[in-house]
Amino acid sequence: MTIVAVDDTDSRTDGMCTTYVATLLAERLVDADARVRRRLLIRLNPAVKHKTRGNAAVALHVDGVDAAAAFATARELIGELAVHDDPRTSPGVVVADIDVAGDPFDPATSTIPDSVGEFARRALRERLTLEEATELAADHGFRHAGIATEGRRDGTTGAETASPVEGRGRIGALAAVGAPLAFDDWTHEHVSYREFDRCGTPREVDADSVFTAAERGYPTVWDTVDRETGAVVCVPNAPGPILHGIRGDDPTACRAVAEGIASEPVDRAATFLTNQGTDAHVDPGRIGALRDGAGYRVAGIVAGEPETRRGGHVHVDVGARADRDELLRCVAFAPTGRFRDRVRALRPGDRLTVCGEHEVRETPDLGGSTSTKRSTLKLEKFAVRDLVRTERTTPTCPDCERRMSSAGRGQGYRCRDCGTAAPGRIERPIDRDIDTGWYEVPPSARRHVAKPLVRGGFDAETHPER
């Protein structure tokens, strides 16, 4: 089997799509009598700053074509289609010969090198370098190339050393090669593409048909729409060739939802096996020991009242202990919409598990000469483990029901009218606008790799957003 992997062919502003490039590549390989066994769509670390859009790489598992021919075909097609004018775009291709005797997804029999599988795991949680990727590819005899942007040299194996910025897509492409060993939870996305000459024009998709199809497919098919805001989540805004992408746990169900959508003509379509919707980027962590640019799941205690700041972002501090020794600033950004109300409902003392991307931010001190580093988590979901159910308050008089007054330091409370006394403050039940269990951002704000609660497998009751 030959694995052909590509990455970084698109642009934040000028369109194109790596899945589209891979889909056309699959067609060219089939025309050359190859057979495409599967297509992988691999989301990488969402915290990488130089990503183009969704930070996805694609790998094709192909029979009936040798690696040299597949490599030449991929290089030619990427040269034709990649967005070469965007300085962020740095296309790359990796081609690997893999023994077909084993199952690439089974660690016991897979012939994908363990080091490449580990590289793929790290690609979801770290910021890897091009040098490491190319050295690892070379160690295992993989063909690889950086497809140069205009005016720059091609960074092909065996050629002159290329500029270090060329072919950065080889990082993601190598991760896509190793992905079968890296992840054990897989979902599917069926992507429908529009006629290419329509790119850049408004997409013609009937929203009512999307909501009807989404309702039929739910919960096996998820994140197709946002029922509360009315957003059609499966239709992208970027000026690329994707018409809509349907995600779910079953490929047949995804295709059925796509077929139920009334729209402009679908030019071609492809179904991908993917790590989307799996939380593959999230690792267990501990407050005070979190790396910058990585995803974490962290336990803590709410250490202060939630605060809504400029722009509508909601901030709340979470501590490792009740004594507030170390604090993690958790933020629900404005685009997360109603999720912010869940955060606003928290109170000091609530016990949580919080999930999201960790970032170390420098905040200038007064005068601007120095700055303070703050540990910040961009919230994707959280679980309420235990709620504060009572609060200490001044007692009321049992006779007149008026609030008592302090009788002096250490002397308790006394009703000035009735003379009744109480030894101290009392615990009073409080109403809470939140229950225990998991809460998440709505579909319109969810990252590609974040796991929707409706998929199940969580350790407490869930409150899914639809």
Salt bridge check: are [X] and [Y] linked by an N-O gap of less than 4.0 Å?
| X | Y | value |
| --- | --- | --- |
| R247 | D223 | no |
| E264 | R203 | no |
| D63 | R35 | yes |
| D341 | R338 | no |
| R466 | E215 | yes |
| R75 | E80 | no |
| E465 | R227 | no |
| D279 | K381 | yes |

Test side chain to side chain contact (heavy atoms under 4.5 Å, CB included) applied to Y20 and I242, step by step = CA-CA 8 Å; Y20 184 73; I242 293 180; 5.9 Å; no
Let me confirm one number: the [atom1]-[atom2] distance from [X] to [Y], rounded to the nearest 0.5 Å.
| X | Y | atom1 | atom2 | answer |
| --- | --- | --- | --- | --- |
| D386 | L352 | CG | CG | 10.0 Å |
| E359 | L377 | CD | CG | 10.0 Å |
| Q276 | H448 | CD | NE2 | 7.0 Å |
| F272 | C254 | CZ | SG | 12.5 Å |
| L124 | R121 | CG | CZ | 10.5 Å |
| H190 | T252 | NE2 | OG1 | 10.5 Å |

For the residue pair [X] and [Y], what are the closest heavy atoms and their distance?
| X | Y | answer |
| --- | --- | --- |
| A57 | L44 | CB-CD1, 4.4 Å |
| C355 | R297 | SG-CG, 3.7 Å |
| V318 | C330 | CG2-SG, 3.8 Å |
| T2 | A70 | CG2-CB, 4.2 Å |
| V232 | A207 | CG2-CB, 3.9 Å |
| R344 | G312 | NH2-O, 4.2 Å |

Six-ring centre of F339, R446 cation under 6.0 angstrom, axis tolerance 45° |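 No.
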Does [Y] offer a backbone N or O that forms a donor-acceptor pair with the side chain of [X] under 3.5 Å?
| X | Y | result |
| --- | --- | --- |
| S209 | A262 | yes |
| H463 | T436 | yes |
| R122 | E126 | no |
| R340 | G337 | yes |
| D7 | T18 | no |
| D8 | R168 | no |
| T336 | F333 | yes |
| Y296 | R291 | yes |
| T353 | F382 | no |
| H188 | G248 | no |

For the residue pair [X] and [Y], establish whether any side-chain heavy-atom pair is separated by less than 4.5 Å.
| X | Y | answer |
| --- | --- | --- |
| V177 | V95 | no |
| L40 | T274 | no |
| D206 | I261 | no |
| E228 | P442 | no |
| I112 | P180 | yes |
| F142 | V116 | yes |
| V225 | C234 | no |
| V93 | F71 | yes |

Y218 vs T224, side-chain hydrogen bond (donor to acceptor under 3.5 Å, both in side chains): CA-CA, chis, key distance, verdict = CA-CA 9 Å; Y218 189 84; T224 309; over 6 Å; no
Quick check: are there more than 12 heavy atoms from other residues, nucleotides or ligands sitting under 6.0 Å from CG of D250?
->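 It does: D250 CG has more than 12 such atoms within range.
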Over 12 foreign heavy atoms within 6.0 Å of CG, D106 =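 Buried by this count: over 12 neighbours within 6.0 Å.
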For salt bridge (Lys or Arg N to Asp or Glu O under 4.0 Å), just list the numbers for E27 and R268, CA-CA rounded to whole Å, side-chain angles, deciding distance to a tenth of an Å, and then say yes or no.
-> CA-CA 10 Å; E27 292 176 7; R268 48 173 47 87; 2.7 Å; yes
Evaluation steps, side-chain hydrogen bond (donor to acceptor under 3.5 Å, both in side chains), between H144 and R170 = CA-CA 7 Å; H144 63 90; R170 283 177 280 185; 2.9 Å; yes
Between W438 and F458, how do the two ring planes meet: parallel, tilted or perpendicular, split at 30° and 60°?
-> tilted
Enumerate the residue pairs fulfilling salt bridge (Lys or Arg N to Asp or Glu O under 4.0 Å) with a member in residues 449-464, sequence neighbours excluded, ordered by first and then second residue.
-> D185-R455, D249-R455, R385-D459
Stepwise, does the side-chain hydrogen bond (donor to acceptor under 3.5 Å, both in side chains) test hold for S115 with H140?
-> CA-CA 10 Å; S115 58; H140 294 291; 2.8 Å; yes
Ring pair (Phe, Tyr, Trp, His ring centres under 6.0 Å) contacts touching residues 97-127 (sequence neighbours left out) | F105-W186
Sort and list the pairs that fulfil ring pair (Phe, Tyr, Trp, His ring centres under 6.0 Å) and have at least one residue in residues 233-254, not counting sequence neighbours.
-> none
Audit row: H281, E380, side-chain hydrogen bond (donor to acceptor under 3.5 Å, both in side chains) steps and yes/no | CA-CA 12 Å; H281 64 309; E380 297 172 7; 2.9 Å; yes
Let me see the working for L60 and I3 under side chain to side chain contact (heavy atoms under 4.5 Å, CB included), right down to the final yes or no.
-> CA-CA 6 Å; L60 304 175; I3 301 180; over 6 Å; no
Please report the C-alpha distance between V298 and L290 in whole Å, then the side-chain angles of each, then the deciding distance to 0.1 Å, and finally whether the side chain to side chain contact (heavy atoms under 4.5 Å, CB included) criterion is met.
-> CA-CA 9 Å; V298 181; L290 307 179; 4.1 Å; yes
May I have the step-by-step check of side chain to side chain contact (heavy atoms under 4.5 Å, CB included) for T201 and R194, ending in yes or no?
-> CA-CA 11 Å; T201 65; R194 56 196 318 216; 3.1 Å; yes
